[in-house]
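Below: the structure, in structure tokens.
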Amino acid sequence: GLIISYEATTFHPWSWAENDEPIIANCYGEDFNELYIQRAVEYWKSKTGQKIGFIEQNPPASVCDQDDMLDGWIILRKDPYIGHDGTLASTKRRTVLGRIRAAEIRFSPGSFKLTNIVEHEFGHAFGYQHINEKGHIMYPSYDHMGSKFWIP
């Protein structure tokens, strides 16, 4: 029981507050089609019941030009520097007392088109960590990532 409890909390150590439904802002640009975002949102809703407020496909500059993460938002950005080391995307979260308050996902140009990348990064934005099980959506390497999700 102790091992299961430990793995469950280390795999999903953070979460949005129960009534928080984050807004997703596409600050990447118009080539990041909303269908990729909707597919990832539906994936996590079907697997975990995760809810979002809505998707803002054309957010105002006041959202996209922020240097800091905005409470209640998951911001999607293009980062031309991220792919040089082989990284396809990266997610940062801001947490307060174990609750996620904001998240930012940076994608290397075009990487959002790869199967499961958006779903994987949304998993981080929703509080999940990597898990070393081939075929799992949260597997740390794209080569062995799959579309399956299970709680270890």
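Numbers for residues simply follow the sequence, beginning at 1.
- Taking the side chain as every heavy atom from C-beta outward, L76 and F112 never approach each other to under 4.5 Å.
- Connection of M69 to F54 is not established within any shared hydrophobic cluster, with ILVMFWY side chains joined at heavy-atom distances below 4.5 Å, either directly or through further cluster members.
- With a 6.0 Å radius and a threshold of 12 heavy atoms from other residues, nucleotides or ligands, D67 has its CG atom at or below the threshold.
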Q | Stepwise side-chain contact (heavy atoms from CB on, under 4.5 Å) test for F149 and H136 | A | CA-CA 6 Å; F149 175 83; H136 199 286; 3.7 Å; yes
Q: Verify ring pair (Phe, Tyr, Trp, His ring centres under 6.0 Å) between F107 and F32, making sure each step is shown before the conclusion.
A: CA-CA 10 Å; F107 294 91; F32 196 140; 5.3 Å; yes
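- Atom-to-atom distance recorded for Y43:OH and H120:NE2 is 11.0 Å, nearest 0.5 angstrom.
- Rounded to the nearest 0.5 Å, atoms CD1 (I131) and NE2 (H12) are 12.5 Å apart.
- Side-chain atoms of W16 come within 3.5 Å of backbone N or O of A125 as a donor-acceptor pair.
- The closest donor-acceptor contact from the side chain of H144 to the backbone of G146 lies at 3.5 Å or more, if one exists at all.
- Between the R77 side chain and the C64 main chain, a donor and an acceptor come within less than 3.5 Å of each other.
- Both W14 and I24 sit in one connected hydrophobic cluster of ILVMFWY residues. Membership requires side-chain heavy atoms under 4.5 Å apart, directly or through other members.
- Contact check for Y28 versus P109: side-chain heavy atoms found under the 4.5 Å cut-off.
- Residues T48 and Y128 are in side-chain contact: their nearest non-hydrogen atoms beyond the backbone lie under 4.5 Å apart.
- In the hydrophobic clustering of this structure, L70 does not group with F122; members are Ile, Leu, Val, Met, Phe, Trp, Tyr whose side-chain heavy atoms approach within less than 4.5 Å, directly or through other members.
- The residue from K148, Q129, H124, M145 that alone fulfils the side-chain contact (heavy atoms from CB on, under 4.5 Å) condition with M138 is H124.
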(Q) Applying side-chain contact (heavy atoms from CB on, under 4.5 Å) to I52 and F126, what does each step give before you reach the verdict? (A) CA-CA 10 Å; I52 66 154; F126 295 141; 4.0 Å; yes
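- Hydrophobic clustering (ILVMFWY, side-chain heavy atoms < 4.5 Å, transitive): W73 and I100 are in distinct clusters.
- Proximity of C27 to E104: side-chain heavy atoms (C-beta onward) are nowhere separated by under 4.5 Å.
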Q: Walk me through it: do N116 and I137 pass the test side-chain contact (heavy atoms from CB on, under 4.5 Å)?
A: CA-CA 7 Å; N116 297 324; I137 193 74; 3.6 Å; yes
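- Counting heavy atoms from C-beta on, the side chains of Q38 and I55 come closer than 4.5 Å.
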Q: Dump the intermediate steps for side-chain contact (heavy atoms from CB on, under 4.5 Å) on V63 and E56, then the final yes or no.
A: CA-CA 10 Å; V63 171; E56 182 58 59; over 6 Å; no
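- For the pair Q57/I37, a side-chain contact is recorded, criterion being any heavy-atom separation below 4.5 Å from C-beta on.
- Here CG of L88 is found 4.5 Å from CD1 of I117. Values are rounded to the nearest 0.5 Å.
- Interatomic distance, I82 CD1 to D79 CG, rounded to the nearest 0.5 Å: 5.0 Å.
- Note that OG1 of T91 and CD1 of I105 are 4.0 Å apart. Values are rounded to the nearest 0.5 Å.
- Side-chain contact of R99 with S15: a donor-acceptor pair under 3.5 Å is present, judged by distance alone.
- Once rounded to the nearest 0.5 Å, the distance linking CD of E119 with OH of Y36 reads 10.5 Å.
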